[in-house]
Amino acid sequence: GAVVSQHPSWVICKSGTSVKIECRSLDFQATTMFWYRQFPKQSLMLMATSNEGSKATYEQGVEKDKFLINHASLTLSTLTVTSAHPEDSSFYICSASRGLLYGYTFGSGTRLTVV
Amino acid sequence: DAKTTQPNSMESNEEEPVHLPCNHSTISGTDYIHWYRQLPSQGPEYVIHGLTSNVNNRMASLAIAEDRKSSTLILHRATLRDAAVYYCILPITSGTYKYIFGTGTRLKVLA
């Protein structure tokens, strides 16, 4: 149990366009999901906390208008990178939890390349 | 928030035990210790977690020091598939329960 699916696994887009990444909890409901970004050879950096039915909470330094997060249901959160630029190229990873005792399950990640 | 310190990298021979240390000297009494690992180009996967007592599961063992200021993840027989970055995490529990990742330990397994 506790499977988190992330889609797409990779995407290439042109500079200036927007890209949407989906994160789904397949066999459990998640009121809270998290979005991370990871640059090559670096650790995961928490970007924001996605809350079902309310606004996301962004970490310091993360532009909320740049990275739009929607958590419309208990099983789906989306991250939209708006007006993407080459510096937004990164590995984006989501996570969700069934509850405190279970820890968090991570998606397989989305590699975004902006050309 | 309690922080963790891990060596940047370690090497092990295949089929030998590996001990991955983590220091967390500012841990509080209610902080759980979680370990995850990340294989190349994948999201992190859960390895093990504990509070005070040593823990065992099919993947690994977790040895927690009596004062809880450090812990050690033990892989009993390393395989090539265990080559990954291992993260020791103390979840933040004030407000939303969340993970902040440190630099982790990159484990290299030699055939």
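Treat the numbers as computed from the prediction; the structure is a model and nothing was measured. Within every chain, numbering begins at 1; the chains are lettered A, B, ... in the order of the sequence lines, protein sequences first and strands thereafter.
- The structure places CG of A:Leu44 at 11.5 Å from OH of B:Tyr36, a figure rounded to the nearest 0.5 Å.
- For a residue to count as touching a neighbouring chain, one of its non-hydrogen atoms must lie under 4.5 Å from one of that chain's; by this rule A:Gln6 does not touch chain B.
- What you find for A:Phe34 and B:Lys98 is that their closest heavy atoms are CE2-CB, 3.4 Å.
- No part of B:Glu45 comes within reach of chain A, as not one of its non-hydrogen atoms sits under 4.5 angstrom from that chain.
- Rounded to the nearest 0.5 Å, atoms CD (A:Gln42) and OG1 (B:Thr103) are 11.0 Å apart.
- By the neighbour-count criterion of 12 heavy atoms within 6.0 Å, atom OH of A:Tyr58 is densely surrounded, having more than that number from other residues, nucleotides or ligands.
- Interatomic distance, CD1 of B:Ile100 versus OG of A:Ser43, reported as 9.5 Å (0.5 Å rounding).
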Take B:Tyr99 and A:Tyr104 through the ring pair (Phe, Tyr, Trp, His ring centres under 6.0 Å) test and state the conclusion after the steps. CA-CA 9 Å; B:Tyr99 292 159; A:Tyr104 279 98; 5.1 Å; yes
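- Residues B:Trp35 and B:Leu107 share a hydrophobic cluster, clusters being chains of Ile/Leu/Val/Met/Phe/Trp/Tyr side chains in contact below 4.5 Å.
- From B:Gln42, atom CD reaches atom CZ of A:Phe106 across 13.5 Å, with rounding to the nearest 0.5 Å.
- Other residues, nucleotides and ligands contribute at most 12 non-hydrogen atoms within 6.0 Å of the NE2 atom of A:His7.
- Taking both residues in full, the closest heavy atoms of A:Arg111 and B:Ser41 are given as NH2-OG, 3.8 Å, listed atom of the first, atom of the second, then distance.
- Hydrophobic clustering places B:Ile92 together with B:Tyr46 (ILVMFWY residues linked when any side-chain heavy atoms are closer than 4.5 Å, directly or through intermediates).
- Residue B:Val47 is not grouped with residue B:Ile74 when hydrophobic side chains (ILVMFWY) are merged at heavy-atom distances under 4.5 angstrom, including chains of intermediate members.
- B:Ile33 and B:Leu75 end up in the same hydrophobic cluster when Ile, Leu, Val, Met, Phe, Trp and Tyr side chains are linked at under 4.5 Å.
- Under the 4.5 Å side-chain heavy-atom criterion for grouping Ile, Leu, Val, Met, Phe, Trp and Tyr, A:Val62 is connected to A:Val81 within one hydrophobic cluster.
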